[in-house]
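Note: hydrogens, waters and symmetry copies are ignored here, and every other heavy atom, side chains too, is used.
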Amino acid sequence: MRKVSGLIVAAFVLLFGVGANSAQASAYDGKPKLVVILVLDQFRGDYLDRYRADFKAENGFNLFLKKGAYFPQCYYGYANTMTAPGHSTIGTGAYTNGHNIGVNEWWDLSRSKTAMVSSVQDADYPLLGASTEAELGASPRNELASTLGDEVVLSTGGKARLFGVSLKDRAAILTSGHASQGAYWIEHATGKWESSTYWMKDLPEWVKAFNSSDAIARARKEAGIPGGDFYERVGATPTGVQYELDFTKALVKAEKLGTHDVTDVLTLSISSTDILGHAVGPDSPEQRKLLDAIDVQLNDFFDFLNTHVDGGLANVWVSLTGDHGVATSPVNSAKEGMPASVFPYGAMTAELNKELDAKLTPGKATRFVLGGDLPYVQIDDGSFAAEKMDERSAESMVAEMIPGALAAAQQGQFPTPDSRTLRPSTVRHVYTKAQMAAGDLPNTEEGQLLLHSYTTNGGWWVYLTPGLTNVPAGHGGMGTGHFSPYNYDRHVPLAFFGSPFVHGTYLEHAEPVDIAATFAALLGVNRPSACVGRAVTEAIRREDGGSNTAPAH
Ligand SMILES: [Zn+2]
């Protein structure tokens, strides 16, 4: 039904020219003043349909659902469904094998033997505005591809303004890219906005003013959270979203985004849906309430853009998507009879280390398995090399041991079979890095996803596909997570708003890599260096004012 009604509206636009932006007849010469790449973190592809009746604001999610081009069948084309690769993929239009960001953080023993490094950590560029850990630094050094924003800046000889904002560093940095004038995110403990010397010598006055205003105190008061970690606590509430949007408004005003002769680009990733989602799961009333609040907050934000961009919203193009989906909370899943479990990652790596030590270096308590962010299980190349093992043999040994070690780690924990409670975790497939590098993968859908999940980061590792709804989940299994190749983790919405797009709901397969490809095509700039997406031509108005959509669509 929805598709049909979308088509009727689209037909209306064709016949009578009453689209939201009918003033601009041609998509191809109508360069916008501002492109906004909007991301909601942990925004599963079914939310917009599931809660559609809740969305009352005219220009909140309805900007996309009632005036834009909406693709509910959008899936990531790789298996490593995590935040850092998701944002990099949205910005670059490439998969992990193109931009090389595999996970949020990983062990790099050449840089640290005691802590993982984050995907954006770079000690060469100290943090600005941070009262703690400034020396860790940040930059897009690990992102080995250009972004849509980078290409717009390059094509305008540096005239276009490009900025990235998020509560999370990786989401602000990897989506906007290398050539921006600034990426901004918050220090977790205090909520203060920070950046790094990669982009600037010192924070601009307007950022300092924002940090020294009463914005943080007001946010804490409104959220009823006087103390504790700002990111974890205030960040999980609608107040956290508003705090982020207020900063973004200050940025738009200070940098006069959308008022230049060339197209400016803003990437904005709302983190709160992920912070809350990990704690309560996708089906909780709290998550629904947060989405309803964001609907109203986005309406307000787009109203703001309407008054601050030259020519208003008619000169703004916006894409909306998520960086990954999420699994149903294991407890809720199990209640319905699904084979769900809380994946005991720490216990599994401890068991692997115990067994490997007994086998290779009895009594020495050697650390062979490092762990790190799933779906990659990192191993210590030095420990294996000391035992005269090369990468291929070390990874193969660990891959073969994983199912048994996982079973051993759960021994005796599930004595009575019960189809309605949590079950033992299982592993479906394990592949080695050497195998993935050589493309030695099964000729299956999963094999294709894995080819796209290859990264050179993280030394030696194996990749694992867990059983269905097997996630490391806190809160007794009420919390949840994401990292698998399953559709619930790969499914996110995709939607466009702006003069080139013919309103409607499009059931074609789409992917987040299509965002960069579509905007690059419409703006007439080079596709980002490793972009593999397609322009969504079925939703783009033709130069003669018609639609490219086939009549039978
Ligand atoms: Zn995320």
Side-chain angles (χ1 to χ4, degrees), residues 40-48 50-51 54 81-83 86 104 167-168 188 223-225 228-241 270-294 322-349 371 373-375 406 409-410 412-427 465-484 486-492:
L40 266 67
D41 205 305
Q42 195 186 118
F43 190 33
R44 204 171 61 185
D46 58 337
Y47 287 173
L48 286 179
R50 200 166 166 183
Y51 302 132
D54 290 9
T81 43
M82 296 289 280
T83 295
N104 296 338
L167 296 186
K168 299 186 183 187
H188 282 211
I225 298 164
D229 189 275
F230 186 95
Y231 171 90
E232 288 293 341
R233 307 216 41 215
V234 182
T237 69
T239 305
V241 179
I270 293 173
S271 311
S272 300
T273 33
D274 186 69
I275 305 168
L276 180 66
H278 275 290
V280 301
D283 306 296
S284 72
E286 293 104 306
Q287 185 72 315
R288 180 176 185 166
K289 256 202 235 160
L290 178 59
L291 288 166
D292 292 351
I294 291 172
D323 61 335
H324 52 75
V326 73
T328 301
S329 294
V331 165
N332 286 343
S333 216
K335 243 188 250 164
E336 309 301 339
M338 300 293 289
S341 78
V342 176
F343 195 85
Y345 189 33
M348 183 190 83
T349 52
D373 278 1
L374 288 168
L406 179 61
Q410 302 174 97
Q413 286 177 25
F414 300 89
T416 352
D418 180 344
S419 67
R420 302 280 152 169
T421 60
L422 294 173
R423 299 191 211 170
S425 284
T426 53
V427 168
T465 295
L468 183 61
T469 319
N470 281 212
V471 283
H475 310 272
M478 282 314 292
T480 187
H482 49 85
F483 73 92
S484 82
Y486 297 124
N487 286 330
Y488 49 74
D489 281 343
R490 293 195 295 120
H491 191 196
V492 291

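Side-chain atoms of D41 and S271 form no donor-acceptor pair, as typed in the model, at a separation below 3.5 Å. Between the side chains of S484 and D489, at least one donor N or O sits under 3.5 Å from an acceptor N or O.
Note that NE2 of H491 is 7.0 Å distant from CG of D46, once rounded to the nearest 0.5 Å. Taken to the nearest 0.5 Å, the CG atom of N104 stands 5.0 Å off from the CG atom of D373. Of the inter-residue distances, the one linking F483 atom CZ with F343 atom CZ reads 6.0 Å to the nearest 0.5 angstrom. To the nearest 0.5 angstrom, T81 atom OG1 is 10.5 Å from Q42 atom CD.
Among all heavy-atom pairs drawn from T480 and G277, the shortest one is CG2-O, 3.7 Å. Shortest non-hydrogen contact noted between T349 and G346 is OG1-O, 2.9 Å. Here the closest non-hydrogen pair linking G412 and P415 is O-CD, 3.9 Å.
S425 is linked by a side chain to side chain donor-acceptor pair (under 3.5 Å) to S341, counting only residues two or more places apart in sequence or in another chain. For Y47, the ring-ring contact (aromatic ring centres under 6.0 Å, His included) test picks out no residue, with sequence neighbours left out. Under the rule for a salt bridge (Lys or Arg N to Asp or Glu O under 4.0 Å), R490 has no partner lying at least two apart in sequence or in another chain. Qualifying side chain to side chain contact (heavy atoms under 4.5 Å, CB included) partners for E232, counting only residues two or more places apart in sequence or in other chains: D229, I275. When the salt bridge (Lys or Arg N to Asp or Glu O under 4.0 Å) test is applied to R288, the partners found at least two apart in sequence or on another chain are D54. Remark: A223 engages I225, V234, T237, T239 in a side chain to side chain contact (heavy atoms under 4.5 Å, CB included) (not counting sequence neighbours). Partners of P238 under the side chain to side chain contact (heavy atoms under 4.5 Å, CB included) rule, at least two apart in sequence or in another chain, are L290, A293, Q297.
A donor-acceptor distance shorter than 3.5 angstrom exists from the side chain of Y488 to the backbone of T469, with no hydrogens or angles considered. Within the 3.5 Å criterion, the main-chain N or O of L40 finds no donor-acceptor partner in the side chain of T273. Remark: the backbone N or O of A340 is not paired with any side-chain donor or acceptor of N470 at under 3.5 angstrom. The main-chain N or O of K289 is never found under 3.5 Å from a side-chain atom of Y51 such that the two would form a donor-acceptor pair.
Under the salt bridge (Lys or Arg N to Asp or Glu O under 4.0 Å) criterion, no residue pair touches residues 472-484, with sequence neighbours excluded. Evaluation of the ring pair (Phe, Tyr, Trp, His ring centres under 6.0 Å) test over residues 271-294, restricted to residues two or more places apart or in two chains, returns H278-H482. Pairs engaging residues 277-287 under the salt bridge (Lys or Arg N to Asp or Glu O under 4.0 Å) rule: R50-D283 [sequence neighbours left out]. A salt bridge (Lys or Arg N to Asp or Glu O under 4.0 Å) check over residues 271-282, counting only residues at least two apart or in different chains, returns the pairs K168-D274.
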Full working for side-chain contact (heavy atoms from CB on, under 4.5 Å) between L291 and F43: CA-CA 9 Å; L291 288 166; F43 190 33; 3.9 Å; yes
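Here D418 does not pair with R420 in a salt bridge; the nearest charged N to carboxylate O distance is not below 4.0 Å.
Residues V471 and V342 form no side-chain contact, since every pair of their non-hydrogen atoms from C-beta on lies 4.5 Å or further apart. Side-chain contact between P424 and Q413 is absent, with no heavy atoms from C-beta onward closer than 4.5 Å. Annotation: side chain of P472 is in contact with side chain of L374 (closest heavy-atom distance under 4.5 Å).
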Donor-acceptor contacts, no H, no angles, side chain residues 326-336, under 3.5 Å, sequence neighbours left out:
unit_1, atom_1, unit_2, atom_2, d
S329, OG, M478, O, 2.5

